[in-house]
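Below is one structure, written out as structure tokens; the observations come after it.
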Amino acid sequence: MRLLIMGPPGAGKGTQGELLARRLGIPRHSTGDILRQALRDGTPMGLEAKRYMHAGELVPDDVILGIVGEALAHEESEPGFLLDGFPRTVAQAEGLRKLLLDQGQKLDAIVDLSVPDDEIMKRLSTRGRKDDLLETIQRRLEVYGKKKKPLLDFYAARGVRIVSVEGVGDIDDIQADILERLSL
Ligand code: AMP
């Protein structure tokens, strides 16, 4: 299966995405995790991404598409994959469509995790990651709020199945909900 998991920062995309990917036996590629690793490793890409990440802004599309192109070209992605935190812009969605088209593939579904803003603020202000400062969280939420609808519209217009799940409550219950909605 080829899946995307979307949701605001702190919605549990990582947790739910990991559980889902493990169950399906497919890799999970998180652009946020890859960027954070690049930052820790001090690579040129990490250095370029740093200022955007720390400000809660989006890293430029060409950098992100480079990361995803590499992840999808890997043979472990052949049977399918779950992308977490990507695409975040219509340009990225367009880039992904082209990457998949080149390989004769298409997306099967999108999991859209929703969590109210006040719950997100509560979760993230206790998580303690570098980009989890109050101001940065607010900016990340704002950016997500602005980009979400055009992205969902992009996929709805192309007939991709969108599965909307409330990301509040017990982790296993949310996962069960996702599996059920995906008919798995
Ligand atoms: P995340 O862990 O997915 O919330 O990502 C953390 C940060 O990495 C984001 O706030 C962005 O600065 C950057 N980032 C991750 N994925 C993307 C993406 N698809 N497009 C642009 N920036 C991204």
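Please read all numbers here as calculations on a predicted model, not as lab measurements.
For Leu141 against Pro8, the heavy-atom pair with the smallest separation is CD2-CB, 3.9 Å. For the pair Val168 and Pro116, the tightest heavy-atom approach, listed with the atom from each and the gap, is CG2-CD, 3.8 Å. Between Gly12 and Arg123 the shortest heavy-atom distance is N-NH1, 4.2 Å. For the residue pair Ala91 and Leu65, the shortest heavy atom distance occurs at O-CD1, 4.3 Å. Closest non-hydrogen pair, Gly80 versus Arg2, comes out as CA-CG, 4.1 Å. Nearest heavy-atom pair across Tyr52 and Pro60 is CE1-CD, 3.5 Å.
Under a 4.5 Å side-chain heavy-atom cut-off, the cluster of Ile, Leu, Val, Met, Phe, Trp and Tyr residues that includes Leu58 is completed by Val143. Other members of the cluster containing Ile171 are Leu19, with ILVMFWY side chains joined at under 4.5 Å, either directly or via other members.
Applying the side-chain hydrogen bond (donor to acceptor under 3.5 Å, both in side chains) test to every pair with at least one member in residues 7-17, sequence neighbours left out, gives these pairs: Gln16-Gln175. Sequence neighbours left out, the pairs with a member in residues 78-101 that pass side-chain hydrogen bond (donor to acceptor under 3.5 Å, both in side chains) are Arg28-Asp84, Asp61-Thr89, Asp61-Gln92, Glu94-Arg97. Residues in residues 49-59 take part in these salt bridge (Lys or Arg N to Asp or Glu O under 4.0 Å) pairs, two or more places apart or across chains: Glu57-Arg139. Under the salt bridge (Lys or Arg N to Asp or Glu O under 4.0 Å) criterion, the residue pairs touching residues 34-43 are Asp33-Arg36, with sequence neighbours excluded.
Environment of NE2 in His74: sparse, with no more than 12 heavy atoms of neighbouring residues, nucleotides or ligands closer than 6.0 Å. Around CZ of Arg23, the count of heavy atoms belonging to other residues, nucleotides or ligands within 6.0 Å does not exceed 12.
For Glu70, there are no side chain to side chain contact (heavy atoms under 4.5 Å, CB included) partners two or more places apart in sequence or in a different chain. The side chain to side chain contact (heavy atoms under 4.5 Å, CB included) check on Ala93 picks up Pro87, Leu151, Phe154, Tyr155, with sequence neighbours excluded. Residues passing the side chain to side chain contact (heavy atoms under 4.5 Å, CB included) test with Ala73: none are found, sequence neighbours excluded. Applying the side chain to side chain contact (heavy atoms under 4.5 Å, CB included) criterion to Arg161, with sequence neighbours excluded, gives Ala109, Val163, Ser183. For Lys146, the salt bridge (charged side-chain N to carboxylate O under 4.0 Å, His left out) test picks out no residue, with sequence neighbours left out. For Asp112, the salt bridge (charged side-chain N to carboxylate O under 4.0 Å, His left out) test picks out Lys148, with sequence neighbours left out.
Residues Met6 and Tyr144 form a side-chain contact, since some pair of their non-hydrogen atoms from C-beta on lies under 4.5 Å apart. Put simply, the side chain of Val59 reaches to within 4.5 Å of the side chain of Leu35, judged on heavy atoms. When side chains are defined from C-beta on, Leu184 does not count as touching Ile178, because their heavy atoms never get closer than 4.5 Å. Proximity of Leu82 to Pro27: side-chain heavy atoms (C-beta onward) are nowhere separated by under 4.5 Å. Inter-residue side-chain proximity for Leu20 and Leu179 is flagged as met; some heavy-atom pair is nearer than 4.5 Å.
Ile174 CD1 to Asp170 CG: the interatomic distance, rounded to the nearest 0.5 Å, is 7.0 Å. Once rounded to the nearest 0.5 Å, the distance linking OG1 of Thr136 with CG of Leu124 reads 10.5 Å. Note that the CG atom of Leu133 and the OG atom of Ser125 stand 11.0 Å from one another [nearest 0.5 Å]. Atom-to-atom distance recorded for Met45:CE and Gln37:CD is 10.0 Å, nearest 0.5 angstrom.
Under a hydrophobic-cluster definition in which Ile, Leu, Val, Met, Phe, Trp and Tyr are linked whenever side-chain heavy atoms come within less than 4.5 Å, directly or via other members, Val63 and Leu99 are assigned to the same cluster. Val68 and Ile34 fall within the same hydrophobic cluster, where Ile, Leu, Val, Met, Phe, Trp and Tyr residues are linked whenever their side-chain heavy atoms come under 4.5 Å apart, directly or through other members. The cluster map of Ile, Leu, Val, Met, Phe, Trp and Tyr, joined by side-chain heavy atoms under 4.5 Å apart, puts Ile110 and Leu182 in different clusters. Residues Leu83 and Ile26 do not share a hydrophobic cluster, clusters being chains of Ile/Leu/Val/Met/Phe/Trp/Tyr side chains in contact below 4.5 Å. In terms of hydrophobic clustering, with Ile, Leu, Val, Met, Phe, Trp and Tyr side chains grouped at heavy-atom distances under 4.5 Å, Met1 and Val111 are assigned to a common cluster.
Distance alone, capped at 3.5 Å, is enough to place a donor-acceptor pair between the Thr31 side chain and the Gly85 backbone. The backbone N or O of Ala71 sits less than 3.5 Å from a side-chain atom of Ser77, completing a donor-acceptor pair.
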Take Leu72 and Leu100 through the side chain to side chain contact (heavy atoms under 4.5 Å, CB included) test and state the conclusion after the steps.
CA-CA 9 Å; Leu72 298 193; Leu100 293 178; 4.1 Å; yes
Asp108 vs Val160, side chain to side chain contact (heavy atoms under 4.5 Å, CB included): CA-CA, chis, key distance, verdict
CA-CA 7 Å; Asp108 293 298; Val160 180; over 6 Å; no
Should Arg181 and Val165 be marked as a side chain to side chain contact (heavy atoms under 4.5 Å, CB included) after you check the CA-CA gap, both sets of side-chain angles, and the distance that decides it?
CA-CA 8 Å; Arg181 307 289 296 282; Val165 175; 4.3 Å; yes
If you apply the rule side chain to side chain contact (heavy atoms under 4.5 Å, CB included), what do you find for Leu4 with Leu107, and how did you get there?
CA-CA 8 Å; Leu4 304 182; Leu107 288 176; 3.8 Å; yes
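Each of Ile67, Ile5, Leu96 was compared with Phe86 under the side-chain contact (heavy atoms from CB on, under 4.5 Å) criterion, and only Leu96 meets it.
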